[in-house]
Novice: 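One structure is given below, represented as structure tokens, and several questions about it will come after.
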Amino acid sequence: MRRKLAAGNWKMNGTASSLAEVQALVSLHCAPSVDILICPPATLIAQAAGLCANSPIMIGAQDCHAAASGAHTGDISAPMLADTGAGAVILGHSERRENHNETSDLVAQKAVAAHAAGLIAVVCLGESLAQREGAQTLDVIAEQLAASLPDGTTGANTVIAYEPIWAIGTGLTPSLAQIGEVHDFIRSRLSERFGVQAAEDFRLLYGGSVKPENAAEIFATSNVDGALVGGASLKSEDFSPIIRALEA
Ligand code: 13P
């Protein structure tokens, strides 16, 4: 049985004072029945991981370089993230694909690096509004899924996050039928590539304007094993009810 996962992506938000939100979640969720992951900016990983050291909450990163070390000014490698206390890393978020021209091929290389460092890769996929309106969603997801996952990917070392670009930070969400269609499709493609049994191990997260108000219905949707939450993960008073909805 897959263990559900509530993941928060703080993006480029948060300074030392924001660690109070991590502390609050540690206090509120001592023995959760789902996995909880918080991905603060890299500057806060060490301190956040320290706060979560005796808690079930995992701290993750938002990106890594594909190489383990070298002349890459400003970049951070997967072994460095693991060394600083991260247990997971988000890869291929649409903001990285768009703002940093990241291709699915590069995402796959980063996933190899993450796996080698013992990190869970949270690989993001999602269509643009134009692609959705052009009925290309499943084609886009198929292409991104195939190219972003390296051989050696398993449900233990990788989580898939479906995040329609047009739903991120907009307050818009796909219909539950649309979310279910894509999640069912991802599961079937994973089955084709890795086998039916292995495909069952993958957690499939939905991301894009998840809030306390819509979390329960999204979590009741076919093949949705949790959420990757942006804005509503920044405050424990918003993220905590989303975690509770997943536990229900
Ligand atoms: P929002 O929840 O703010 O829409 O962001 C979703 C997201 O991009 C998480 O990675």
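Here the structure is a predicted model, which means the values were calculated and not measured. Hydrogens, waters and symmetry mates are skipped; everything else that's a heavy atom, side chains included, is used. When a ligand or atom number is given, it counts from 1 through the structure's own listing order.
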Novice: Restricting to side chain to side chain donor-acceptor pair (under 3.5 Å), what partner residues turn up for Arg2, sequence neighbours left out?
Specialist: Glu200, Asp225

Novice: Show me the short polar-atom pairs for ligand 1: any N or O of it lying under 3.5 Å from a protein N or O, with distances only.
Specialist:
{"from": "ligand 1", "atom 1": "2 (O)", "to": "Gly230", "atom 2": "N", "distance (Å)": "2.9"}
{"from": "ligand 1", "atom 1": "3 (O)", "to": "Gly231", "atom 2": "N", "distance (Å)": "2.8"}
{"from": "ligand 1", "atom 1": "4 (O)", "to": "Gly169", "atom 2": "N", "distance (Å)": "2.7"}
{"from": "ligand 1", "atom 1": "4 (O)", "to": "Ser209", "atom 2": "N", "distance (Å)": "2.8"}
{"from": "ligand 1", "atom 1": "5 (O)", "to": "Lys11", "atom 2": "NZ", "distance (Å)": "3.3"}
{"from": "ligand 1", "atom 1": "8 (O)", "to": "Lys11", "atom 2": "NZ", "distance (Å)": "2.8"}
{"from": "ligand 1", "atom 1": "8 (O)", "to": "His93", "atom 2": "NE2", "distance (Å)": "2.7"}
{"from": "ligand 1", "atom 1": "8 (O)", "to": "Glu163", "atom 2": "OE1", "distance (Å)": "3.4"}
{"from": "ligand 1", "atom 1": "10 (O)", "to": "Asn9", "atom 2": "ND2", "distance (Å)": "3.0"}
{"from": "ligand 1", "atom 1": "10 (O)", "to": "His93", "atom 2": "NE2", "distance (Å)": "2.9"}
{"from": "ligand 1", "atom 1": "10 (O)", "to": "Glu163", "atom 2": "OE1", "distance (Å)": "3.1"}
{"from": "ligand 1", "atom 1": "10 (O)", "to": "Glu163", "atom 2": "OE2", "distance (Å)": "2.9"}

Novice: If you apply the rule side chain to side chain donor-acceptor pair (under 3.5 Å), what do you find for Arg97 with Ser104, and how did you get there?
Specialist: CA-CA 8 Å; Arg97 291 178 188 261; Ser104 292; 2.9 Å; yes

Novice: Give every donor-acceptor pair under 3.5 Å between a side-chain atom in residues 36-62 and any protein atom, sequence neighbours left out.
Specialist:
{"from": "Ser55", "atom 1": "OG", "to": "Ile57", "atom 2": "N", "distance (Å)": "2.9"}
{"from": "Gln62", "atom 1": "NE2", "to": "Lys11", "atom 2": "O", "distance (Å)": "3.0"}
{"from": "Gln62", "atom 1": "NE2", "to": "Cys39", "atom 2": "O", "distance (Å)": "3.1"}
{"from": "Gln62", "atom 1": "NE2", "to": "Pro40", "atom 2": "O", "distance (Å)": "3.2"}

Novice: Measure the CZ-CD distance between Phe239 and Glu21 for me, rounded to the nearest 0.5 Å.
Specialist: 11.5 Å

Novice: With sequence neighbours excluded, give me every ring-ring contact (aromatic ring centres under 6.0 Å, His included) pair touching residues 90-138.
Specialist: none

Novice: So, do Cys64 and Leu91 sit near enough that their side-chain heavy atoms are less than 4.5 Å apart?
Specialist: yes

